[in-house]
Amino acid sequence: MPSKKALIRRPSPRLAEGLVTHIEREKVDIELAQEQWEAYAETLRAHGWETIEVDAEDDCPDSVFVEDTVVMYKNVALITRPGAESRREETAGVEEAVARLGCSVNWIWEPGTLDGGDVLKVGDTVYVGRGGRTNAAGVQQLRAAFEPLGARVVAVPVSKVLHLKSAVTALPDGTILGHIPNVDRPSLFPGFLAVPEDAGAHVVLLGGGKLLMSASAPKTAELLTDLGHEVVPVDISEFEKLEGCVTCLSVRLRELYA
Ligand SMILES: NC(=O)NCCC[C@H](N)C(=O)O
């Protein structure tokens, strides 16, 4: 049953201490981050999404990146076991939120690790990035959770960026967008479109053909507009300083069974 709910999680006051792995640390402006987060949430609402706030986790600097803690497939919420130990406390609140929404809940167990940022769904194909945060056991457990439900799980290597979705996401027609220097094996993806900017590879599908994108990818926005897409830009500069992108700030629940 189609639904338009999106989980979001308010930034921790300790956001500036969030993990940085592949880029140089830059000072984060917390007040600006809060404003940007409000504007991001408002943009979702303006496009028909009911936002559901997961209880804040003030002691977890990276908790705003809610996408990493749960992967949805149909009505099943797979609670992850984040690859970074400092992020493991984040999952409890998310589990509570999805259970309250009537999802069927499943879990990634030790020794598996998996971050939601490593999972890209394109129809019933579920790409999973095997990289710094997601290990082989995590990939196997994801397969065991979703293949019986009809998913085709495709594992792909990720070595150049934090997560698979830091490298690639997909347009509504299934075209995979990626910035070539960040993608390990572009040939693994059918219908690959190279984009000129890092952040140009990140789109959130708002519905009705609209694409939520970072304001830091103007050339890609132009390219996609020229291809007949409607781009909705948001400024998320403070989250980008922590290797966050537009996808990681929400989890869209499109197939709730309720
Ligand atoms: N899915 C995502 O893109 N998550 C971004 C997580 C950033 C956070 N600083 C981390 O390193 O875990």
Side-chain angles (χ1 to χ4, degrees), residues 1-7 40 43-50 67 71-76 78 116-129 142-143 146-147 149-158 160-161 163-234 236 244-256:
M1 183 175 295
S3 50
K4 259 189 128 176
K5 296 186 200 284
L7 299 179
Y40 175 95
T43 304
L44 291 178
R45 289 189 288 269
H47 291 86
W49 294 84
E50 178 192 347
E67 165 185 74
V71 179
M72 293 299 305
Y73 185 77
K74 299 190 173 165
N75 192 52
V76 174
L78 179 63
D118 276 321
V119 182
L120 171 66
K121 285 178 293 177
V122 186
D124 282 327
T125 300
V126 179
Y127 292 100
V128 53
L142 178 91
R143 269 199 201 108
F146 292 158
E147 281 190 345
L149 305 177
R152 184 176 75 99
V153 175
V154 179
V156 296
V158 173
K160 303 179 176 184
V161 283
H163 289 128
L164 174 64
K165 274 191 286 193
S166 320
V168 292
T169 61
L171 292 174
D173 62 10
T175 302
I176 304 285
L177 297 179
H179 185 50
I180 293 276
N182 296 338
V183 186
D184 280 70
R185 310 247 181 96
S187 61
L188 286 177
F189 301 100
F192 185 89
L193 177 65
V195 297
E197 295 143 319
D198 279 354
H202 314 143
V203 295
V204 170
L205 310 186
L206 289 169
K210 294 187 183 161
L211 311 174
L212 181 70
M213 288 189 68
S214 166
S216 65
K219 289 187 194 143
T220 309
E222 208 175 300
L223 168 70
L224 294 175
T225 305
D226 189 54
L227 290 173
H229 299 282
E230 192 175 330
V231 172
V232 179
V234 286
I236 54 158
C245 47
V246 279
T247 63
C248 62
L249 296 172
S250 61
V251 177
R252 281 155 306 133
L253 309 169
R254 286 166 288 188
E255 291 184 80
L256 289 179

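The analysis underlying the following values was restricted to heavy atoms, covering all of them including side chains, and did not include hydrogens, waters or symmetry mates.
A donor-acceptor pair is defined here as one N or O able to donate and one able to accept, closer than 3.5 Å; no such pair exists between the side chain of Thr220 and the backbone of Val195. A donor-acceptor distance shorter than 3.5 angstrom exists from the side chain of Lys165 to the backbone of Val119, with no hydrogens or angles considered. Judged purely by atom type and a 3.5 angstrom limit, Thr175 has no side-chain atom pairing as donor or acceptor with the backbone of Leu171. Not one N or O on the side chain of Lys210 forms a donor-acceptor pair closer than 3.5 Å with the backbone of His229. Of the possible polar contacts, none joining the Trp49 side chain to the Arg252 backbone as a donor-acceptor pair under 3.5 Å is found.
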Practice task
Report the C-alpha distance between Leu177 and Phe189 in whole Å, list the side-chain angles of each, state the deciding distance to 0.1 Å, and finish with yes or no for side-chain contact (heavy atoms from CB on, under 4.5 Å).
Solution key: CA-CA 10 Å; Leu177 297 179; Phe189 301 100; over 6 Å; no
For Leu212 and His47, what are the C-alpha separation, side-chain angles and deciding distance, and is it a side-chain contact (heavy atoms from CB on, under 4.5 Å)? CA-CA 10 Å; Leu212 181 70; His47 291 86; over 6 Å; no
Test side-chain contact (heavy atoms from CB on, under 4.5 Å) applied to Ile176 and Leu120, step by step: CA-CA 10 Å; Ile176 304 285; Leu120 171 66; 4.2 Å; yes
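Proximity of Arg185 to Pro157: side-chain heavy atoms (C-beta onward) are separated by under 4.5 Å at one or more points. In this structure, the side chains of Met213 and Val234 stay at 4.5 Å or more apart for every pair of heavy atoms. With contacts defined as side-chain heavy-atom distances shorter than 4.5 Å, the pair Lys121/Arg254 qualifies. Counting heavy atoms from C-beta on, the side chains of Val128 and Val154 never come closer than 4.5 Å.
Looking at every heavy atom in both residues, Ala170 comes nearest to Val122 through CB-CG2, 3.8 Å. Taking both residues in full, the closest heavy atoms of Val168 and Phe192 are given as CG1-CE1, 4.0 Å, listed atom of the first, atom of the second, then distance. Heavy-atom minimum distance, Phe146 versus Leu78: CZ-CB, 3.7 Å. In terms of heavy atoms, Tyr73 sits closest to Gly150 at OH-C, 3.5 Å. Of all heavy-atom pairs spanning Glu67 and Val251, the tightest one is CA-CG2, 3.5 Å. Scanning all heavy atoms of the two residues, the minimum distance from Ala201 to Gly178 falls at CB-CA, 3.9 Å.
The distance from the NZ atom of Lys160 to the CG atom of Asn182 is 8.0 Å, given to the nearest 0.5 Å. Separating the OG atom in Ser3 from the CD atom in Glu255 is a distance of 7.5 Å, to the nearest 0.5 Å. Of the inter-residue distances, the one linking Leu253 atom CG with Asn75 atom CG reads 9.5 Å to the nearest 0.5 angstrom. How far CD of Glu197 is from CG of Leu223: 9.5 Å, rounded to the nearest 0.5 Å. To the nearest 0.5 Å, atom CG of residue Leu227 and atom CG of residue Leu193 are 6.5 Å apart. Distance SG/Cys245 to CD1/Ile236: 6.5 Å, rounded to 0.5 Å.
Ionic pairing of Glu50 and Lys5 is present here: one or more N-O contacts between side-chain nitrogen and carboxylate oxygen are shorter than 4.0 angstrom. Using a 4.0 Å cut-off between a side-chain N of Lys or Arg and a carboxylate O of Asp or Glu, Glu147 and Arg152 do not qualify as a salt bridge.
With Val232 as reference, Thr43 is the one residue of Thr43, Val203, Leu211, Leu44 to meet the side-chain contact (heavy atoms from CB on, under 4.5 Å) rule.
A donor and an acceptor atom, one from each side chain of Tyr127 and Asp118, are nowhere located under 3.5 Å apart.
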